Number of protein chains: 2
Amino acid sequence: MISVVILGAGNVATHLFKAFNNSNNVSVIQWFNRSIESINPYKNTVDITNDLNALKDADIYILAVSDDVIGSLSSKLPFDNKLVVHTSGSVSVYDIDKKHKRGVLYPLQTFSKTTEMDFTNVPICIETIDKKSFPILKELAKSTGGPFKRINSDQRRVLHLAAVFVNNFTNQLYRIGHEITESEGAEFDMLKPLILETAKKIQDISPYMAQTGPAKRNDKKTIKKHLKDLESQHHKDIYQLLTNSIQKTHGRKKL
Amino acid sequence: MISVVILGAGNVATHLFKAFNNSNNVSVIQWFNRSIESINPYKNTVDITNDLNALKDADIYILAVSDDVIGSLSSKLPFDNKLVVHTSGSVSVYDIDKKHKRGVLYPLQTFSKTTEMDFTNVPICIETIDKKSFPILKELAKSTGGPFKRINSDQRRVLHLAAVFVNNFTNQLYRIGHEITESEGAEFDMLKPLILETAKKIQDISPYMAQTGPAKRNDKKTIKKHLKDLESQHHKDIYQLLTNSIQKTHGRKKL
Ligand SMILES: NC(=O)c1ccc[n+]([C@@H]2O[C@H](COP(=O)([O-])OP(=O)(O)OC[C@H]3O[C@@H](n4cnc5c(N)ncnc54)[C@H](OP(=O)(O)O)[C@@H]3O)[C@@H](O)[C@H]2O)c1
Ligand SMILES: NC(=O)c1ccc[n+]([C@@H]2O[C@H](COP(=O)([O-])OP(=O)(O)OC[C@H]3O[C@@H](n4cnc5c(N)ncnc54)[C@H](OP(=O)(O)O)[C@@H]3O)[C@@H](O)[C@H]2O)c1
């Protein structure tokens, strides 16, 4: 049984708490947050605290807090030589105070507190500085039931960066789809099945193979018509740049 | 029972044939393609031909052929005053020869011949020039089992344009995610659950509400780091433009 203390009570901390709480191999023995109110609802399920000096002895301490406080919070922990991990995609493992055994448990998903999360769909990326800490972190990751992968810092860095493209930027393209359709009183809802199908398609074939459309076909007439139809210069710029990008990928044009 | 002749044997024609063939209200009485080979496998299921002069009398003729041949093929049809529709998102309904009753049956999905398509996930957009032709086209659309919607030409135009953003451009962002991860030996596969979750999220909440990440938070430190980490100028340009776009949407910055 792995004993865990979770620090932080945001999106990630809350989902991790639930996932570990459902596992037979992990016991969350304490939950810390600087403001106790947000974890108060859990006080009958787990020991809660807002006092760092009251932290219990555990196998692993998980800092699921904002990126820029990981370093300072780790320094304030009133013990040393214990395994302390953060959950960030972009923060260096060396940001954790070196008095600890240091590691990362990065769940590669988009969490929000209000949406349920099935952890079989959450790949967990793990990283430790010392080899000895690896097996227990691996056990912890496995306990969520999802896929997990040992990665190094460079790989975590690029995964996080790629996640910005496939999550934040993709979502912004959905937003532009919303703007364009509503401008003519068409319904964004009509695009939802296509959006889902586009994401499903690349579960089995590469994005390279999945590409279709006027940019890939180099259908100049349609491209020109689309650029003319777009009312906002901003939408035109994105259309042009991503069309160029597709043509670069598919050998239509050198940028 | 609505009798239909399908012309063309590409992605759309093939899926429409299957969908109508499964319906109790529609009878595909003939399938035309200029090259007979591609429809030969169906010769025991339906009457096939490559001869326009052999076309049978039907309620509706569906031109599921390349955009730029819709007009000429419609002119070559050796009859007039019948309902002739095309399946394109971008071609005008007036491209069909005016000797016919003209309409559009635009399936708002991405088709490929090799992937099965569940038509409950294919919104069908329909349009006719004369009102009298509408009810039968509506019946035909309904027979596929998916959602359908009467739209006008402007709405079809913007839906098709928006589809380029949420399908082709989104897929290109997946491709870039692939390029970035593989550059460090990380696995694109790790991003697949995130890609699916991103598409699922906006089935229930608007893309505006679903947005997260450094651009929306205006986290300048992370944005700067990402821009530095990206090796290709081309990736940098896309990162910058889509970051600006998110910030414009969320009131962070005027472009
Ligand atoms: N959200 C995601 O989709 C996602 C995905 C993968 C990884 N991550 C990473 O997971 C970590 C947490 O993200 P999140 O989305 O869960 O954040 P969040 O919802 O914004 O929650 C942040 C947490 O940090 C605490 N905190 C902030 N400043 C603090 C301070 N000075 N001292 C102590 N605690 C402080 C907050 O406490 P209060 O409640 O008192 O404000 C809150 O519990 C980050 O490293 C993030 O990069 C997030
Ligand atoms: N693919 C999609 O995801 C999708 C989605 C919605 C709407 N659409 C629209 O549906 C229509 C068909 O698209 P598709 O993807 O099915 O196309 P496709 O797979 O490329 O098939 C094109 C068809 O057009 C025929 N054709 C080409 N030139 C011709 C000519 N000069 N005379 C007679 N027939 C000719 C081809 O005949 P051969 O077999 O002899 O070459 C083939 O049967 C287009 O208007 C497209 O915009 C496509």
Side-chain angles (χ1 to χ4, degrees), chain A residues 90 108-110 121-123 149 151 154-155 157-159 161-178 180-181 183-186 190-199 202-203 207-208 210-213 215 222 226 229 234 237-238 241-242 245-246 248-249 255, chain B residues 90 108-110 121-123 149 151 154-155 157-159 161-178 180-181 183-186 190-199 202-203 207-208 210-213 215 222 226 229 234 237-238 241-242 245-246 248-249 255:
Chain A
S90 61
L108 216 178
Q109 254 302 359
T110 167
N121 299 324
V122 182
K149 185 94 193 161
I151 57 167
D154 284 336
Q155 289 169 335
R157 187 174 46 79
V158 295
L159 282 168
L161 182 46
V164 170
F165 281 81
V166 303
N167 174 236
N168 305 153
F169 294 168
T170 287
N171 187 72
Q172 181 64 7
L173 294 181
Y174 301 160
R175 164 68 194 184
I176 292 172
H178 199 164
I180 296 173
T181 45
S183 74
E184 286 290 350
M190 299 285 281
L191 293 169
K192 288 181 174 177
L194 176 63
I195 285 173
L196 210 49
E197 187 64 25
T198 305
I202 59 89
Q203 305 294 315
Y208 184 88
Q211 192 58 276
T212 60
T222 302
H226 281 166
D229 283 347
H234 171 56
D237 292 345
I238 291 174
L241 189 58
L242 285 166
S245 180
I246 292 170
K248 186 178 148 78
T249 296
L255 279 185
Chain B
S90 61
L108 217 178
Q109 253 302 0
T110 167
N121 299 325
V122 182
K149 184 95 193 160
I151 57 167
D154 284 336
Q155 290 168 335
R157 188 175 45 80
V158 296
L159 281 168
L161 182 46
V164 170
F165 281 82
V166 304
N167 174 235
N168 305 153
F169 293 169
T170 287
N171 187 72
Q172 181 64 8
L173 294 181
Y174 301 161
R175 164 67 194 185
I176 293 172
H178 199 164
I180 295 173
T181 45
S183 74
E184 286 290 350
M190 299 286 281
L191 293 169
K192 289 182 175 178
L194 176 64
I195 285 172
L196 210 49
E197 186 65 26
T198 305
I202 59 87
Q203 305 293 316
Y208 183 89
Q211 193 56 276
T212 59
T222 302
H226 281 167
D229 283 348
H234 172 57
D237 291 345
I238 292 174
L241 189 59
L242 284 167
S245 180
I246 292 170
K248 185 178 149 79
T249 296
L255 279 187

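Here is the naming used below: chain letters follow the sequence lines, and residue numbers restart at 1 for every chain. Note that the structure is predicted; figures quoted are calculated from it, not measured.
The closest donor-acceptor contact from the side chain of A/Glu197 to the backbone of B/Thr110 lies at 3.5 Å or more, if one exists at all. Judged purely by atom type and a 3.5 angstrom limit, A/Asn168 has no side-chain atom pairing as donor or acceptor with the backbone of B/Gln211. Side-chain atoms of B/Gln172 come within 3.5 Å of backbone N or O of A/Ser245 as a donor-acceptor pair.
For B/His226, the parts lying under 4.5 angstrom from a heavy atom of chain A are both the backbone and the side chain. Of the two parts of A/Val166, the backbone and the side chain both hold a non-hydrogen atom closer than 4.5 Å to a non-hydrogen atom of chain B.
Minimum interatomic distance between A/Arg157 and B/Glu184 (heavy atoms only, all atoms of both residues): NH2-OE2, 3.4 Å. Closest approach of A/Ala162 and B/Thr181 over heavy atoms only: CB-CG2, 3.8 Å.
Put simply, the side chain of B/Thr170 does not reach to within 4.5 Å of the side chain of A/Ile195, judged on heavy atoms.
Note that the CD1 atom of A/Ile151 and the CE atom of B/Met190 stand 6.0 Å from one another [nearest 0.5 Å].
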*Report the C-alpha distance between B/Val158 and A/Asp229 in whole Å, list the side-chain angles of each, state the deciding distance to 0.1 Å, and finish with yes or no for side chain to side chain contact (heavy atoms under 4.5 Å, CB included).*
CA-CA 8 Å; B/Val158 296; A/Asp229 283 347; over 6 Å; no
*Would A/Leu241 and B/Asp237 satisfy side chain to side chain contact (heavy atoms under 4.5 Å, CB included), going step by step from the backbone distance to the final call?*
CA-CA 8 Å; A/Leu241 189 58; B/Asp237 291 345; 4.1 Å; yes
*Does the pair A/Asn171 and B/Thr198 meet the rule for a side chain to side chain donor-acceptor pair (under 3.5 Å), with working shown?*
CA-CA 7 Å; A/Asn171 187 72; B/Thr198 305; over 6 Å; no
*B/Leu242 vs A/Leu173, side chain to side chain contact (heavy atoms under 4.5 Å, CB included): CA-CA, chis, key distance, verdict*: CA-CA 9 Å; B/Leu242 284 167; A/Leu173 294 181; 4.2 Å; yes
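Between chain A and the options B/Asn167, B/Asp154, B/Val164, heavy-atom pairs under 4.5 Å are most frequent for B/Asn167. By number of non-hydrogen pairs under 4.5 angstrom with chain A, the leading residue of B/Leu196, B/Ile238, B/Leu161 is B/Leu161. Per-residue counts of heavy-atom pairs under 4.5 Å with chain B were compared for A/Thr222, A/Ile176, A/Val122; the largest is that of A/Ile176.
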